[in-house]
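This report refers to the structure that appears directly beneath it.
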Protein chains: 2
Amino acid sequence: MPTKSTRVPTHASTPVKRRPGGRSARVQDAVYSAVGKLMATQRPDQITVPMVAELADVNPTSVYRRWGDIDALLEEVAVAAFTREDEVLPDTGSLEGDLREWARVITDDIVRPHRTRYLRAMVNARDGVVLDACPCWTARREQLAEMISRAHTRGERTPSVEQVLDHVIAPLYHHVVFALPADTAYAERLVDDVLSMRSAESR
Amino acid sequence: MPTKSTRVPTHASTPVKRRPGGRSARVQDAVYSAVGKLMATQRPDQITVPMVAELADVNPTSVYRRWGDIDALLEEVAVAAFTREDEVLPDTGSLEGDLREWARVITDDIVRPHRTRYLRAMVNARDGVVLDACPCWTARREQLAEMISRAHTRGERTPSVEQVLDHVIAPLYHHVVFALPADTAYAERLVDDVLSMRSAESR
DNA sequence: CCTCTAAAGCAATGACCTTTGCAATTAGTG
DNA sequence: CACTAATTGCAAAGGTCATTGCTTTAGAGG
């Protein structure tokens, strides 16, 4: 069992890691990059520590010592990949336009093979637990809240954040992870459906 | 590589298997049962052939010879588990009542740990392919078609089969496989939402 | 520039999985 | 009932993965 270092650093300003200097950072980057490359072609559950270690030109022992096992590493890389906030929110002037564009971007993102594998890796890691929140959904939730808030100030009648998550995001991700066909047209159909629903507050 | 027998049987009436007699059937039952028991406690991707072989009191070699690898075996057992047609369709007199009851039964089914693991196993097996149809969804689709057809004969305005699949089934399965909370109340909310949508044919 | 120690590398070890050849069992068939 | 072949059991061998003790490297602070 890998005993994670929990010693408190001298200054509160220094990050949790005790020695984030050049070499450790280089190793971590190399390992992350190797995982990303393997994800492009390999199924998550057949990626092994020696595989990523060789591709990263790092000793397997280092990977075992820092991450414990392959699952922890994959999970870490997966959430890192999905929490990057480099997306710009669409602002078309109407909620319908915003949602269509937003759903289109998300769809084009997650249908790419390596993104699909990240999703499936996250599915695998969740065993025996029920999470109230998931890092990659909180980002979506915030984006949605922003777009819906804007629509409200324009006086539009809108569905709730939860309704859009349940009826646009969930079906999209569902189709992708279960290998069912998913494309932009499907995403737009979902947006049409959710916009035709009676809004939540009138329930 | 396991060379699957492709020899044509003498009579077209005889099934594909060449020797489905007592012993083979017993072995298959034991293996299926062992997989089911392991699924109750183990993650799919850490179930190994020797594990199921020992629990089934069967030689590992037999499993390798018949199924090739653990993935093929798990996939086979999973689809077998999800295509059992022992469910009775609800018939409450209204589509709303039918859907609520139907969604409730499905929810109670898939939140059980071993059922969740079967779903995740199916997710894993789907790599690099996009399927037009999935065996466990065709069953749902047929059940839905029946209920909606009955509602139509009663003169009810109904959503389409696809809409119910996308907005009730998909979010439910999504929540379950991603370890997000899912219960009967959630399922009923989804049913309410889909029933408040503008129906598909009026689009 | 020097010291200290966290982190990485190395090598040996053990455990487990998978394959393969051969013998034994047993289900179909005449 | 006897015959044939499909299927299983057995055992050995090869390969990969994961762990562990020790050594070496190189940040970080004085």
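Owing to the predicted nature of the structure, the values given are computational and were not obtained by experimental measurement. So that the names make sense, note that chain A is the first sequence line, chain B the second, and so on, each numbered from 1. The figures here come from the full heavy-atom set of this structure, side chains too, leaving out hydrogens, waters and symmetry mates.
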Figure out the [atom1]/[atom2] separation between [X] and [N], and round it to whole Å.
X: B/D71; N: C/dC17; atom1: CG; atom2: C1'; result: 14 Å
X: B/R26; N: D/dT7; atom1: CZ; atom2: P; result: 15 Å
X: B/N59; N: C/dT19; atom1: CG; atom2: C1'; result: 13 Å
X: B/W67; N: C/dT18; atom1: CH2; atom2: P; result: 15 Å
X: B/D69; N: C/dT19; atom1: CG; atom2: C1'; result: 13 Å
X: A/D29; N: C/dA7; atom1: CG; atom2: P; result: 16 Å
X: B/Q28; N: C/dA27; atom1: CD; atom2: P; result: 15 Å
X: A/R65; N: C/dG9; atom1: CZ; atom2: P; result: 11 Å

Scan A/T61 against the nucleic acid and name what it touches under 4.0 Å (heavy atoms): base, sugar-phosphate only, or nothing.
-> base
Can you tell me if [X] touches the phosphate of [N], counting only side-chain N or O atoms and a distance under 4.0 Å to OP1 or OP2?
X: B/S62; N: D/dG9; result: yes
X: A/Y64; N: D/dT19; result: no
X: A/T48; N: D/dC17; result: yes
X: B/R66; N: D/dT8; result: yes

Taking C/dA8, C/dT25, D/dA18 as options, the one with an atom nearest any side-chain atom of B/R23 is C/dT25
Nearest to the side chain of A/V58, which nucleotide is it out of C/dT18, C/dG9, D/dT7?
-> C/dG9
Roughly how far, to the nearest 0.5 Å, is CD1 of B/I47 from CG of B/L55?
-> 10.0 Å
Salt-bridge criterion met for A/D45 and B/R120 (N-O under 4.0 Å) = no
Check the angle between the aromatic planes of B/H174 and A/Y173 and answer parallel, tilted or perpendicular using the 30° and 60° thresholds.
-> perpendicular
Evaluate the ring planes of A/Y118 and A/F82, with Trp represented by its six-membered ring, and classify them as parallel (under 30°), tilted (30 to 60°) or perpendicular (over 60°).
-> perpendicular
Over all atoms of both residues, closest heavy-atom pair of A/V194 and A/H167 | CG2-CB, 4.0 Å
